[in-house]
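These numbers come from a predicted model, not from an experiment.
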Amino acid sequence: MRPVKSVGLVAAMVVGLLGGVAATPSAAASWECDQSITVPKGDAYLIHVPFEFEPIYTGDCFVRHGARGGEVSAIQRSLRYCYGRDIVVDGVFGDKTLAALKNVQSRIGVASDGVYGPRTRDAMSWPRYHESTGQIYGCVRW
């Protein structure tokens with residue numbers, strides 16, 4: 001995985017040299033998440049976290065303001081059910097999701113930049129669902 005991270009770092013440096021916007025710490029991943037993935041967490045329990053399937057299969061991806069889809073819904077469910085943020089789970093990364101994510105990032109000790117990335121994923125808690133009923137049973141870390 002180091003070569004992918006190195007490529008991302010070099011790309012961020014080139015963009016910075018050409019006058020673009022350099023990647024923030026949470027956005028240091030090289031890929032944009034395009035879906036969510038179900039991860040087993042104990043007997044009959046699951047969590048859903050953002051994931052990148054194409055062009056590379058990785059959880060080291062990012063999601064930012066303006067994104068839409070299952071990856072955003074996974075983040076919104078965490079913000080709502082694990083951190084009590086009053087947001088709608090609609091799969092749209094709008095202003096309310098941005099503000100809620102920044103608040104949670106500040107609480108969990110990662111860069112409060114409003115960009116979901118691997119550091120935010122690892123520090124956040126995720127709703128743990130029962131596989132057959134879908135009922136939430138607390139929150140757990142990735």
TODO: Check the pair Q35, C33 against side-chain contact (heavy atoms from CB on, under 4.5 Å), reporting the backbone distance first and the verdict last.
DONE: CA-CA 6 Å; Q35 297 181 42; C33 303; over 6 Å; no
- [ ] Examine the side chains of T38 and H48 and answer whether a donor and an acceptor come within less than 3.5 Å of each other.
- [x] yes
Task: Steps toward side-chain contact (heavy atoms from CB on, under 4.5 Å) verdict (V49, V39) - done: CA-CA 8 Å; V49 295; V39 178; 4.0 Å; yes
Task: Interatomic spacing from CG in D90 to CZ in R68 - rounded to 0.5 Å - done: 8.0 Å
Task: Between T120 and Q105: side-chain donor-acceptor atoms closer than 3.5 Å - done: yes
Open item on the list: Set out, in order, the CA-CA distance, both residues' side-chain angles and the distance that settles side-chain contact (heavy atoms from CB on, under 4.5 Å) for M124 and I108, then state yes or no.
Closed with: CA-CA 7 Å; M124 282 178 71; I108 62 177; 3.6 Å; yes
Task: Nearest atoms (heavy-atom pairs only) where A123 meets V110 - done: CB-CG1, 3.9 Å
Open item on the list: Quick check for you: to the nearest 0.5 Å, what is the distance between C139 atom SG and Y83 atom OH?
Closed with: 7.5 Å
Task: Residue of the set R80, Q76, R85, K102 for which side-chain hydrogen bond (donor to acceptor under 3.5 Å, both in side chains) holds with T97 - done: Q76
TODO: Nearest 0.5 Å please: distance from the CG atom of L101 over to the OG atom of S112.
DONE: 8.0 Å
Task: Crowding at NZ, K96 (>12 non-hydrogen neighbours, <6.0 Å) - done: no
Open item on the list: If hydrophobic clusters are built from ILVMFWY residues whose side chains come within less than 4.5 Å, do Y116 and I87 share one?
Closed with: yes
Open item on the list: When you measure from the side chain of S78 to the backbone of S125, do you find a donor-acceptor pair of N or O atoms at a distance under 3.5 Å?
Closed with: yes
Task: D60/R121 ion pair, N-O < 4.0 Å - done: yes
Open item on the list: Between Y137 and P127 (side chain of the first, backbone of the second, donor and acceptor by atom type, cut-off under 3.5 Å), is there such a pair?
Closed with: no
Open item on the list: Would you say F62 ends up clustered with V92 if hydrophobic residues are merged whenever their side chains have heavy atoms under 4.5 Å apart, either directly or through other cluster members?
Closed with: no
Open item on the list: Could you check, using the six-membered ring where one of them is a Trp, whether F51 and Y57 have ring centers closer than 6.0 angstrom?
Closed with: yes
- [ ] Mind checking the SG-CD1 spacing from C61 to I37? Nearest 0.5 Å is all I need.
- [x] 10.0 Å
Task: Within the 6.0 Å centroid threshold, strictly below: Y45 and Y129 - done: no
TODO: Measure the SG-CH2 distance between C82 and W126 for me, rounded to the nearest 0.5 Å.
DONE: 8.5 Å
Task: Hphob cluster co-occupancy, I75 + W142, side-chain heavy atoms under 4.5 angstrom - done: yes
Open item on the list: According to a hydrophobic-cluster definition based on side-chain heavy atoms being under 4.5 Å apart (Ile, Leu, Val, Met, Phe, Trp, Tyr only), do V63 and L98 belong together?
Closed with: yes
Open item on the list: Please find the pair of heavy atoms, one from S36 and one from F53, that lie closest to each other, and give the distance.
Closed with: O-CE1, 3.9 Å
Task: Close side-chain approach of E71 and E32, heavy atoms under 4.5 Å - done: no
